[in-house]
Structures are given as C-alpha cells and as structure tokens.
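Data first, discussion second: the structure below is written as structure tokens.
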Number of protein chains: 2
Amino acid sequence: MPDLSHGDDAAAVNSLRSAVMRLSRRLKHQRVDESLSPTEMSVLGTLARCGSATPGELARKEHVQPPSMTRIVALLEAKGLVRLDPHPEDRRQKVVTQTERAEAMLEQSRRKRNAWLAGLAADLDEDEWERLRAAAPVLEKLAHL
Amino acid sequence: MPDLSHGDDAAAVNSLRSAVMRLSRRLKHQRVDESLSPTEMSVLGTLARCGSATPGELARKEHVQPPSMTRIVALLEAKGLVRLDPHPEDRRQKVVTQTERAEAMLEQSRRKRNAWLAGLAADLDEDEWERLRAAAPVLEKLAHL
DNA sequence: CATGTTCTTTAGCTTAACTCATTACTCTCG
DNA sequence: CGAGAGTAATGAGTTAAGCTAAAGAACATG
C-alpha cells in the first residue's frame, strides 16, 4: 500500500504523465513501420498475443471507442493484415484474425525495432534498462486499469 | 550496456510502446483539470520547474514543433496562466512566464491528482509503485533523448 | 551593407480520435 | 411465442492536436 502522504508519489505521477505524453508524441512519428499507425501496430500486437478477438474486445483493450476500432480494423483489413469472419455464436459480432502476412510484417518490424533499440542502447545504461523492464508490466496494468 | 541479444529487451520495448500509447490515450480523457489539455499541463509543469523559457525552448522540451507551441502558449495566455514579455537581449524571442494564477491552478490540480492517485493506490501494491518511481526518470530521459 | 540564419508567427492541412444515431441481432420476461 | 430492452458493429459528422510551408522581424557575419 503506497504512502499517499509521501510527496514522492505525487511527484512521480506528475513526472510519469509528462513523460508518457512526450514519449507518445515521439512514438507517433518514430514509427518502426511507415504506413501503420501506432494504434494499428498495437492492435496487431494484441492479436498476436490473443490469437483473435472481436472488434469490441479490441476496443476495450486499446481503450478506444468502438467506432474507432471499426475504422482501424477496416484499415488493417484493407492492407491484408487481418481477416474478418462471422462470429460462430453471435451474428452481431465479428471475429478479427491476423493473416500470415501480418506475422511476416511483425517479424520485419521486430527487426527495425531492434535497430531503434540499438540506437537507444548507447544512451541508457544497464541499470536504466533494468528499471524500464521492471516497470513495463506495471505500465501495462495501469494502461487498462 | 544492455544485452541486445537478450530477447527481453525487444519484448520490453514492445510492451512499453503499447503501454505508453494506451496510457496517453487515457490521460487525454482523464484530465485532472477540464479546459486544459495534457500538453498545456505539461508546459505549465515545465515552467514551474524552469521559471521561464522562450517558446522555442518549450517546443524543444515538449517535442513539439514551434508553431504548435505558439498556439499552446497563446491559449495559456488567453486563460491568464502565462505572461509574454519581450526577451531582454534578442528582440526576436519572447519570454514565457507563468502567472500567480497558474501556481494556484497547479496547486488545485495537484489536489485532484492526489484523488486520482488514491484511486490507483487500491490497485497497485507497494512493489509496483516502487517500480514506477524508479522508472519515471528513465522515461523522462527517453522522452527527450 | 548584403546576405544568410534564427525565432516566432500565420495559414492551411492531416490524422486520429470522438459523439451521436442507425441497423442488426440476441436475450429476457410476460 | 412475441415485445421490449440490451448489446455489437458501423455510418456520418465533428473535434483536437499536432504537422508543414512560408512569411516577417531581428540578428550575425562576410
């Protein structure tokens, strides 16, 4: 249980908010792959982990409103990275599944990401990396809390 | 020096990217103060730390293009949170300083943020908070690297 | 001085989200 | 069984927050 009277928590929240906003701005432009927005990348990543999901589930995971996810899924489908099938039990829903092409592109983007990583490596020491690794799951938790 | 051959780094980068994008979307909506965008808040925070700065400096710190900062500063000025003075040595530049009103509003928003924090406190244990505190400065570094 | 460079600003555009409303389907309860 | 309530995806229009290109003013340097 965090000590709320401790000023450091408030300061950390401040600092996190600033850093997250600035970082997200950078990430928007520093795309590992042109032609694919960060949210689209994120959706592909989610699909890679979960296998397949309905648009609604994806919207909840990405913290985006359903209409936005409809649009994103449509774009991904147009790029051949995703397939839409009817839901087996509920004909209102659809099932979004990534194609083999998406796997190939994820692999390719993983390579590019490693290059970017190498660039960062020069500026962060091992202790800093360790902190990032440790915090990553907490940030994920925070993101969909 | 990070071990790039170690797959965990790539995974962590993936995870960080996703989490940062989702978090930034949440932060956009979960404003501690209506009527003030996250970037505007961030600028006020920077000014609180640095005293005062030129629009150009602010743009570099926030990783925003100069025209965007012009707009942001203009909005802050319209809300009476910031004052623009001529630069003492270079008449091309201006000096942005926060007003007493900004300090009051920062204090008020600090209170609201603590309430939000209290909400989160229930869902994070002390170890997780510790990781966030530890990672915050690294994220800041990353943000303006 | 003249030319080029830097800082801010203006104007117009793009993107990626949002809200509201609609359609299609499912579920529940009388 | 059928009517009304609820939920899923989507269509249309809007908004927000950044961007680029270009202009104007002030500085710096040959």
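Protein chains get the first letters and strands the later ones, always in sequence-line order, with residue 1 at the start of each.
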Practice task
Considering only NZ, NE, NH1 and NH2 on the basic side and carboxylate oxygens on the acidic side, decide whether A:E128 and A:R131 come within less than 4.0 Å.
Solution key: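 No, this pair does not count.
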Exercise for the section: Could you tell me whether B:R133 and B:E126 have a side-chain N and a carboxylate O separated by less than 4.0 Å? Expected result: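 The answer is yes: the pair qualifies as a salt bridge.
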Practice task
Identify whether any heavy atom of B:R71 sits under 4.0 Å from a base atom; if not, whether one sits that close to sugar-phosphate; answer base, sugar-phosphate or nothing.
Solution key: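 Nothing, no nucleic acid heavy atom in range.
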Practice task
May I ask you to say what B:E89 touches in the nucleic acid, namely base, sugar-phosphate or nothing, with a heavy-atom cut-off under 4.0 Å?
Solution key: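 Sugar-phosphate contact only - B:E89 comes under 4.0 Å of backbone atoms but never of a base.
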Within this structure, what is the [atom1]-to-[atom2] distance between [X] and [N], rounded to whole angstrom?
X	N	atom1	atom2	answer
B:M21	C:dT15	CE	P	15 Å
A:H63	C:dA16	NE2	C1'	17 Å
A:Q65	D:dG13	CD	C1'	16 Å
B:L36	D:dA17	CG	P	10 Å
B:E40	D:dA16	CD	P	11 Å
A:L75	D:dT10	CG	C1'	14 Å
A:L58	D:dA8	CG	C1'	13 Å

Completion exercise
Per-nucleotide protein contact along nucleotides 3-9 of chain C, 5' to 3', at a 4.0 Å heavy-atom cut-off (B base, S sugar-phosphate only, - neither), is ---BSSB
Nearest atoms (heavy-atom pairs only) where [X] meets [Y]:
X	Y	answer
A:T39	B:R25	OG1-NH1, 2.8 Å
A:A143	B:R22	CB-CB, 3.8 Å
B:L44	B:L106	O-CD1, 4.2 Å

Exercise for the section: Looking only at side-chain atoms of B:V64, point me to the closest of D:dC19, D:dA17, C:dA17. Expected result: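 Nucleotide nearest to B:V64's side chain: D:dC19.
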Exercise for the section: Quick one: pull up CD in A:E130 and CG in A:L124 and give me the separation to the nearest 0.5 Å. Expected result: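 It comes to 12.5 Å.
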Problem - A:M69 with A:L36, same ILVMFWY side-chain cluster at under 4.5 Å - result: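 Linked within one cluster.
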Exercise for the section: Check whether any side-chain nitrogen or oxygen of A:R25 sits under 4.0 Å from OP1 or OP2 of D:dG18, and answer yes or no. Expected result: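 Affirmative; the distance criterion is met.
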